[in-house]
K.L.:
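Dropping the structure in here first, questions after.
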Amino acid sequence: MRWHLGRLRTRFVYRRAFGHLGERSVIVRPLLLRGVDRIDIGRDVAIFAGAWLQVEGGRGPLHIGDSTYIGHGAHIHADAPLTIGARCVLADGVFIATTDHQRSDRAHSSATGPVEIGDDVFLGQRAIVLGGVRIGSGATIGAGSVVTKDVPAGSVVAGVPARSLGTEGQG
């Protein structure tokens, strides 16, 4: 039922507000949508309940590619450009931010660098991706990992901080 209500709300309410919202994309009961005029969402994207999508005023933008899945409670916060490729899976509770709170005044934030996530990337449950990071296409990020450095295409990383476990297909 929530999915069907989300489809209707997406079609008749959200579509007008977003910078771009592709065909057949659905947003189901988000926790927060802010700066949506700077958010571009491709077609066939599924964004599940409790998601937080935020672009700081006049900054970003945030681009989400076609056929991407964003799980329950995901938090995506753009102060600098943030790109998520096509056919990505962001499991429940994933956190991606291009922003951090200032040390002198915690009420204010500043950009930490752009994030670029390639196509066909899997981010495991509660993975964290910090600003200034590029994740290559086909990479897999393990659950609970904290990505602080670039991840090459096809790599598998896990841990805090995330470290290489090899590449897809090794084994």
K.L.:
Testing I128, V129, I141 for side-chain contact (heavy atoms from CB on, under 4.5 Å) with V146, which one passes?
P.N.:
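Option passing the side-chain contact (heavy atoms from CB on, under 4.5 Å) with V146: I128.
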
K.L.:
So, for A80 and P114, which heavy atoms are closest and what is the spacing to 0.1 Å?
P.N.:
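A80 and P114 have their closest heavy atoms at CB-N, 3.9 Å.
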
K.L.:
State whether the number of non-hydrogen atoms from other residues, nucleotides or ligands found under 6.0 Å of R87 atom CZ is greater than 12.
P.N.:
yes

K.L.:
Considering non-hydrogen atoms only, spot the tightest contact between P152 and A139 and give its length.
P.N.:
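Nearest pair, atom of P152 first, then A139: O-CB, 4.0 Å.
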
K.L.:
If every non-hydrogen atom of P161 is compared with every non-hydrogen atom of T148, which pair is closest and at what distance?
P.N.:
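Taking P161 first and T148 second, the nearest heavy atoms are CB-OG1, 3.9 Å.
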
K.L.:
CD1 of I41 to CG of L21: how many Å apart, nearest 0.5 Å?
P.N.:
5.0 Å

K.L.:
Decide whether I70 and F18 are clustered together by the hydrophobic rule: side chain heavy atoms of Ile, Leu, Val, Met, Phe, Trp, Tyr closer than 4.5 Å, transitively.
P.N.:
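Yes.
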
K.L.:
Looking at CZ of F95 and NE2 of H77, how far apart are the two atoms once the value is rounded to the nearest 0.5 Å?
P.N.:
8.0 Å

K.L.:
Go through D44 and R24 one step at a time and tell me if the salt bridge (charged side-chain N to carboxylate O under 4.0 Å, His left out) criterion holds.
P.N.:
CA-CA 5 Å; D44 299 313; R24 297 179 306 278; 2.7 Å; yes

K.L.:
Treating Ile, Leu, Val, Met, Phe, Trp and Tyr as nodes and any side-chain heavy-atom pair under 4.5 angstrom as an edge, say whether V115 and L130 lie in one connected cluster.
P.N.:
no

K.L.:
Are any side-chain N or O atoms of D150 and backbone N or O atoms of R134, one a donor and one an acceptor, separated by less than 3.5 Å?
P.N.:
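Yes: the side chain of D150 pairs with the backbone of R134.
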
K.L.:
Go through the steps to decide whether I84 and L90 satisfy the test side-chain contact (heavy atoms from CB on, under 4.5 Å), and finish with yes or no.
P.N.:
CA-CA 10 Å; I84 300 168; L90 282 61; 4.1 Å; yes

K.L.:
Is it the case that Q54 and H75 place a side-chain donor and acceptor less than 3.5 Å from each other?
P.N.:
no

K.L.:
Any chance you could lay out the side-chain contact (heavy atoms from CB on, under 4.5 Å) test for D40 and L62, step after step, and finish with the verdict?
P.N.:
CA-CA 6 Å; D40 294 323; L62 168 58; over 6 Å; no

K.L.:
Considering non-hydrogen atoms only, spot the tightest contact between I117 and C88 and give its length.
P.N.:
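That would be CG2-SG, 4.2 Å.
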
K.L.:
What heavy-atom pair brings G22 and R15 nearest, and what distance separates the two atoms?
P.N.:
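Heavy atoms only, the tightest pair is O-NH1, 3.4 Å.
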
K.L.:
Could you state the interatomic distance from CG (D120) to OG (S137), rounded to the nearest 0.5 Å?
P.N.:
6.5 Å

K.L.:
Measure across S145 and V157 and return the closest heavy-atom pair with its distance rounded to 0.1 Å.
P.N.:
OG-O, 4.1 Å

K.L.:
Would you indicate whether the side-chain heavy atoms of S25 and Y14 approach each other to under 4.5 Å?
P.N.:
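Of all side-chain heavy-atom pairs linking S25 with Y14, none is under 4.5 Å.
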
K.L.:
Using only atom types and a distance under 3.5 Å, with no angle test, would you say the side chain of T10 pairs donor to acceptor with the backbone of I27?
P.N.:
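At least one qualifying donor-acceptor pair exists.
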
K.L.:
How long is the span from the CZ atom in R59 to the CG atom in L82, to the nearest 0.5 Å?
P.N.:
14.5 Å

K.L.:
Could you check whether any side-chain heavy atom of V26 comes within less than 4.5 Å of a side-chain heavy atom of I47, counting everything from C-beta outward?
P.N.:
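With C-beta onward as the side chain, the pair stays apart.
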
K.L.:
Could you tell me whether a side-chain N or O of T98 sits under 3.5 Å from a main-chain N or O of P81, the two making a donor and an acceptor?
P.N.:
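No; zero donor-acceptor contacts below 3.5 Å.
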
K.L.:
Under 4.5 Å between side-chain heavy atoms, counting indirect links through other Ile/Leu/Val/Met/Phe/Trp/Tyr residues: same cluster for W52 and V94 or not?
P.N.:
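No, because W52 and V94 fall into different hydrophobic clusters, even though each may have its own neighbours under 4.5 Å.
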
K.L.:
Between the main-chain N or O of G85 and the side-chain N or O of T68, is there a donor-acceptor pair closer than 3.5 Å?
P.N.:
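Answer holds: yes.
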
K.L.:
Judged by atom type as modelled, is there a donor-acceptor pair below 3.5 Å linking the side chain of D66 to the main-chain atoms of R43?
P.N.:
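Yes, D66 side chain to R43 backbone: donor-acceptor pair under 3.5 Å.
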
K.L.:
As an exercise, state the distance from CG of L165 to OG1 of T140, rounded to the nearest 0.5 Å.
P.N.:
10.0 Å

K.L.:
Working to the nearest 0.5 angstrom, can you tell me the gap between R38 CZ and H20 NE2?
P.N.:
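Reported value, rounded in 0.5 Å steps: 15.5 Å.
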
K.L.:
Membership question, hydrophobic clusters at under 4.5 Å side-chain separation (ILVMFWY): are V28 and V89 in the same one?
P.N.:
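Yes, V89 connects to V28 through the hydrophobic network.
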
